[in-house]
Every structure is written in structure tokens, then in C-alpha cells.
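Please read the structure below before turning to the comments.
Hydrogens, waters and symmetry mates are skipped; everything else that's a heavy atom, side chains included, is used. We name chains A, B, ... by the order of the sequence lines, and we start the count at 1 in each one. On a predicted model such as this, the values are computed, not experimentally measured, just so you know.
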2 protein chains.
Amino acid sequence: MEKSLVTEVELIGRLSERLLGKHPLLVQGIGDDAAVWRWEEGVYGLVSADTLHEHWDFDRSYHALRYIGYKAAVSAISDICAMNGQPLFLVVSLGVPRGTSASQLQELYDGIREVEEKYRVAVAGGDISPSRDLWLSITVIGRVEVEWIVYRKGAAPYQIVCVTGDLGAPYAGLKVLQREKAVLTHDPTAQPDVKDFGYVIRRQLKPEARCDVVRRLKEIGIRPTSMIDLSDGLAAGLHSLAQASGVGFHIYLERLPFHSQTARVAELFQIPLTAVLLYGGEEYELLFTVPAEAHETLRNEPFVHMIGYVKEGKDVVIEDGIGQVWPIEQIGWDSLLGERKKEST
Amino acid sequence: MEKSLVTEVELIGRLSERLLGKHPLLVQGIGDDAAVWRWEEGVYGLVSADTLHEHWDFDRSYHALRYIGYKAAVSAISDICAMNGQPLFLVVSLGVPRGTSASQLQELYDGIREVEEKYRVAVAGGDISPSRDLWLSITVIGRVEVEWIVYRKGAAPYQIVCVTGDLGAPYAGLKVLQREKAVLTHDPTAQPDVKDFGYVIRRQLKPEARCDVVRRLKEIGIRPTSMIDLSDGLAAGLHSLAQASGVGFHIYLERLPFHSQTARVAELFQIPLTAVLLYGGEEYELLFTVPAEAHETLRNEPFVHMIGYVKEGKDVVIEDGIGQVWPIEQIGWDSLLGERKKEST
């Protein structure tokens, strides 16, 4: 990719200019978490695709095939959640190296089946190709009522910025797994030392999409004004919403939610906790904005953390505990730079 | 894949048993050219995915990137045609090796754009992943009026078997291109000797989906009783329709349509022409059955060739010019065996 300086987002943007991307039924194509089309009166269809590729997105020495299937499906579903929609069908394309046994593929499919049950979606089709590496590309089709759809654009000054769950755990889990792999490579008889890190490892291996949040927000009558999932990390998510909405963000460091294990991993690996929370990525939590009036309703919702506010301009900044304000860099867990980033951190 | 004895069709069948594949909106999942769901009153939605993978499905020494993009999109669209439907949107997932330049990717996208224009579809989304090899997985969404949908099942005894266009040309084109590559590898200054084979080469490099046939059949009021595309070849197509419909087929060898260049290639490479026509594959012509009454209407349609009839039982046979009847083997251009087949023929 031209000396690896081009990110996936930039590249897709540049390439999509080559395309027409126009259809009478298409409301919005490339550029959000999912494409949007007219399904029927009052309902939009949604479609998105996500790929997990061996070596870049997973390592078979610690990612069991069942979890790879699970994660690939969840990661696709998460894009539908980010549009405030409901996932329906999955189409599973698989690249399979020679030597892969049918029982290994069955493990992979068992993971996808678990997603079918948990998220009430159905695998509707797919194909299998021979390949040098294992990869899964899952397309998901969903739907959403027209009045409930949420795009990346729509955030306006003085609205509240919210994030679900806690941040940085999948990245912390990856660091622990990588360390265990290194130890085992050196001494195959070593016992894995992961008992204190069960939570972050689970978040890395078996993430969940926040369809529960989408349902709950609807129940309490709150439609976010903008939303994105955190597959590329909080920093990248904030910048995407900022650019799409033409606004800036002011975030409070002390409001960022994290699990105690995440903090312990940051300490253990001497990575600044702030960096883990901002740039960790691979998490399928939701980042969204709501009108200021939603404050009263949301303060009683345990899954939502109000972490800052929307501001005019286009700066995305974070305020630390002593009132210092810093810019949040526009970097993320970019899939094209993923390997390099994993190596360099 | 367990000593490569498992075909893609068998494997998908076995794996899909692990899945639930159930949803209130889903009419039919895995098992036909596309999955079918309830779109709105009187309309079904269709979705299917197709993958082209370097080394197995194309060779960059003679498949230009623009054509690879074109062919991947056409191959996906063809699955919608095979359901008698109309393609609408494409979702393009791309695996891109390091070192691929943005301009190379643009070429690929230019091919896809040509499909957007020609077939009036829109690329609605997609993603790009780093990969060791180049691959494209394209998901296509389409729709069809409920009363016009055609499945693989539905053929009944004494109906007529039809095929569109001519057979074997893409395979013949591949043989010519492979020969030219071998010559050029041996003598880089050699001039390619392909001028007599323009038609079959074009059919290999730049195939077309038969959306025109779908439209024309509707115009003349004919709904096929069963249909499939010939991406895996005529033999595989016949067996798929036979199994899905619970019938057999009687085909007349002398009725199989072919181009004179295809016959010349068969002669040149000393491959029996019958084998090229039956097992060639990679063609996006349609194979379908119609009620006997359609005979009068179809005999004036230049794109349709009536090649035999549906019979009771489950035998799929071909009758040669002197009245001998032979079984048609159930083999095809199977993507998982593709490489081996290419090498061995």
C-alpha cells in the first residue's frame, strides 16, 4: 500500500471515488458503519461486511477456531448495531488453506452457530474458497425503522458523548496472550499464567456486539444523534464522528471507563493506560452522542458512560485530571497497519 | 480438505448442518444460487456471495486487474440471474497483498465500476484487509417478484431443458492463455499467437451474466420451472437441478451449442470437445427448464438452445449422434479441486 502510509479508511475513500455507488433504492453507500437502502415504507435495509484474516486479525496459536468464527460474526453484527439497527442474516465467505480438516471447519462453524442463537440471526449463504491463509469475510444484512436510524453524522455542539461498557480490554487481553505465546515458545512445559486476566482475555477472544444497548436505548426512548462502533478504538471513533458531523469533542480522561485488569496489564507492559483506552481498538462497544436532555435518563443506565461533550470547531481533545487539555491523535487500530502497530507497541 | 476428496458442495452441505439457518424472514437459506427472504408484500430479497482468489481463480500474468474486478462482480450477479432476479447492490471485500499500489487497486475498481454501469447495480460497501494473496469476495443483494422466482427445484418430467449462449468457451480461452504464458516463460520475446482465439479469450477474461435473458424471458411471459447458472459447468448444473428437483435429464449431444473457436481449441489441445462442453465451467450462461408448451415461443429466441428433456428417475444422460446413450458424470469445475483439475487436463 504505497509504503504502508495509506490507511484503510483513506484507501477506501479514494477507491470509492472510482465507483458510481448510485442506485434509486440506495439511501447511503460507502462511508458509514453500514450501507442503507429503502426496504419498505418506514424501514431501511442495512448491509455491511467485515473480514478477519490470519496473521493480521488473529493468531491460531491462541485464537481457537470456534472463537474466530464467533468474533468474525460479532464484528459484522456490530456494524448493524452502530446504525441502531437489528441484524438479520449473515453471508459467510471463507478462505481455507489446504490441509484444513472438515472437523476444524466445523469448529469454526460452531462459533458462528453460537452467534446465530445468541443474536437471533441466520446464516443465509456463503462460499468456500481454497486459500493460502485462513480468512473469513462476513456480510450482514439488517434493518431499522427510518425514524430510528443513526448515522455517524448528526452530532451537534453541547450534546453529550457516551460510550458503553469499558475500554481497552480486548487490547489488554491480546498483550497477555502474546506474552503467553512467547513464554510457551521458549519453554513448552510452562503453565500459562492467565488466571488473573480472565476478563481481558475473554474480551479479546469472545467479544460481544451491543445489540442489547440498541434495544435498551429504544426502550427508554433515546435515539442517539450520531453513533459508531469502537472496532478501531475510541480515538478513531471520535475522529470519525467529528469529521462526519462537522464538530469537535471534549473528552474527560477521568470519565473513561476501564476494568481493573486492563489497568494491571498496562502497568505490567509499561504502556500508558490512556493509550490503551484511546487507541486499543478491536472492541465492539458503541460510541454515541445524545441531546443534553438525555442526561437525566441515562445517568441511571449502568452500561452507559457519559465521557464528554460535543463542541464547535473540529478539535478532538481530552482533559486530564489536573485540567490540562491535549489533542487526541487520529490513529486507531487500523487493519492495514495492524501488524506494524502490534509489533511496535 | 481431507485428502481433497471433499468437494465444495459437499463441504458446504456438511457444514451448513452445523448451523441453525433459521429466521422468520428467511424463505430459503443455503442450497440454491442465492438465499431468499421476505422483502415486502409480493417481493423476495436475494443474497449471494462469490469469491475469486489468486492462483486458484485467476493468474495475474494474464488476468488484468480490471478484468478480475469485472469478473468477480459478474460472477456474483450471475447468482441473482439464476434465481430469475434483478441485482441491486454489491458489497466488495478485498484481500490485498503488501506492495499492491493504489493505482493497481484503482484498476480493479475500474472493472467493478464498469459492472455498475452495465448492470445498473451499485457498490454499497465493503472492506479491505491485508492478505498474502489477492482475493475478492463480492456479496450481491437482489430482488424478484414472488411469482417470478425460480429455484433449482421445480423441473418436472417431459419439460424442456434449455441453455443460453454457447458452451465451453471460457475453458477454451483459459487453455489458450495458459499456452501463451508457457511460451512467453520460455521465450519472453515471442509474439502472442491469440488472434484466432479472440472470442474464447474474451469469454474467459470478461464474462457476462445473463440478466438480458432474465428480462427477455419475462417479456415473452416464460417463467422457467428450474434454473441454475453454469459457473461449475453443464454437467454439474444438470446434476444440481436433477437432485434438487428429483428428476433425471436426457440431453442430445448434437444440440449442445458451441463456438467454432472452442472446437478449434479442443482439437489443438486434443481434449474431447464433449468434455469441454460438459465440464468446462466458469461460464455464466443459464441452464433452465420450461414447460413443453414453451417450445413454440422459445424456438424463435436466438439466445436459447433446447438441448434435451426432463425425465423420470434420476439418471443424467447424453445421447450422441448415433443414438448411443451415456451417463454424464457428476463432476464440475469445482473451486476446491480447481487447481488439480486445471493441472490434470
Side-chain angles (χ1 to χ4, degrees), chain A residues 1-2 4 6 8 11-12 14-15 18-23 25-26 29-30 34-35 37 39-40 47-51 53 56 88-89 91 93 95-96 98 100-102 105-106 109-110 112-113 116-117 121-133 135 137 139 141 335-336 338-339, chain B residues 1-2 4 6 8 11-12 14-15 18-23 25-26 29-30 34-35 37 39-40 47-51 53 56 88-89 91 93 95-96 98 100-102 105-106 109-110 112-113 116-117 121-133 135 137 139 141 335-336 338-339:
Chain A
M1 324 266 103
E2 283 179 346
S4 285
V6 180
E8 183 187 354
L11 189 60
I12 289 182
R14 205 193 289 178
L15 289 172
R18 312 288 286 199
L19 297 170
L20 272 183
K22 286 203 168 58
H23 193 281
L25 288 177
L26 193 65
I30 294 166
W37 84 84
W39 180 302
E40 62 184 342
V47 64
S48 179
D50 241 315
T51 302
H53 198 291
W56 282 272
L88 304 171
F89 315 125
V91 180
S93 289
V96 178
R98 285 185 187 265
T100 308
S101 68
L105 286 180
Q106 281 168 2
Y109 272 67
D110 286 345
I112 298 173
R113 185 200 162 100
E116 281 187 303
E117 288 173 351
V121 296
V123 173
D127 72 343
I128 299 182
S129 309
S131 172
R132 274 207 288 173
D133 297 315
W135 55 262
S137 184
T139 299
I141 293 178
S335 67
L336 283 178
E339 193 184 47
Chain B
M1 325 261 101
E2 286 181 343
S4 285
V6 181
E8 183 187 354
L11 189 61
I12 289 182
R14 203 192 290 179
L15 291 172
R18 312 290 285 199
L19 298 169
L20 273 184
K22 286 205 168 55
H23 193 281
L25 287 178
L26 193 64
I30 294 167
W37 83 84
W39 179 302
E40 62 184 342
V47 65
S48 178
D50 241 315
T51 303
H53 197 291
W56 282 272
L88 304 170
F89 314 125
V91 180
S93 289
V96 178
R98 286 186 188 264
T100 308
S101 68
L105 287 180
Q106 281 168 2
Y109 272 67
D110 287 345
I112 298 173
R113 184 199 162 101
E116 282 187 302
E117 287 173 351
V121 297
V123 174
D127 71 343
I128 299 181
S129 309
S131 172
R132 274 207 287 173
D133 297 315
W135 56 262
S137 185
T139 299
I141 293 178
S335 68
L336 283 177
E339 193 183 45

Flag the one option from [options] with the top tally of heavy-atom pairs under 4.5 Å to chain B.
{"options": "Val91(A), Asp133(A), Val47(A)", "answer": "Asp133(A)"}
{"options": "Gln106(A), Glu40(A), Glu117(A)", "answer": "Gln106(A)"}
{"options": "Gly95(A), Ala34(A), Ala35(A)", "answer": "Ala35(A)"}

Looking at every non-hydrogen atom in both residues, tell me the closest pair between [X] and [Y] and how far apart they are.
{"X": "His53(B)", "Y": "Ser131(A)", "answer": "NE2-OG, 3.1 Å"}
{"X": "Ala122(B)", "Y": "Gly21(A)", "answer": "CB-C, 3.7 Å"}
{"X": "Leu26(A)", "Y": "Ala124(B)", "answer": "CD1-CB, 3.9 Å"}
{"X": "Arg113(B)", "Y": "Arg18(A)", "answer": "CD-O, 3.0 Å"}

Problem set entry | Aromatic plane relationship, Trp37(A) with Phe89(B) - under 30° parallel, 30 to 60° tilted, over 60° perpendicular | tilted
Exercise. Is it the side chain or the backbone of Thr51(B) that comes within 4.5 Å of chain A heavy atoms, both, or neither?
Worked result: both
Problem set entry | Heavy-atom proximity to chain A below 4.5 Å, by part of Val123(B) |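 Both parts, heavy atoms under 4.5 Å.
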What's the spacing between [X] [atom1] and [Y] [atom2] if we round to 0.5 Å?
{"X": "Ile112(B)", "Y": "Leu20(A)", "atom1": "CD1", "atom2": "CG", "answer": "12.0 Å"}
{"X": "Trp56(B)", "Y": "Arg98(A)", "atom1": "CH2", "atom2": "CZ", "answer": "6.0 Å"}
{"X": "Leu25(A)", "Y": "Leu88(B)", "atom1": "CG", "atom2": "CG", "answer": "6.0 Å"}

Problem set entry | Evaluation steps, side-chain contact (heavy atoms from CB on, under 4.5 Å), between Val121(A) and His23(B) | CA-CA 7 Å; Val121(A) 296; His23(B) 193 281; 5.5 Å; no
Exercise. Stepwise, does the side-chain contact (heavy atoms from CB on, under 4.5 Å) test hold for Leu15(B) with Ile128(A)?
Worked result: CA-CA 11 Å; Leu15(B) 291 172; Ile128(A) 299 182; 3.6 Å; yes
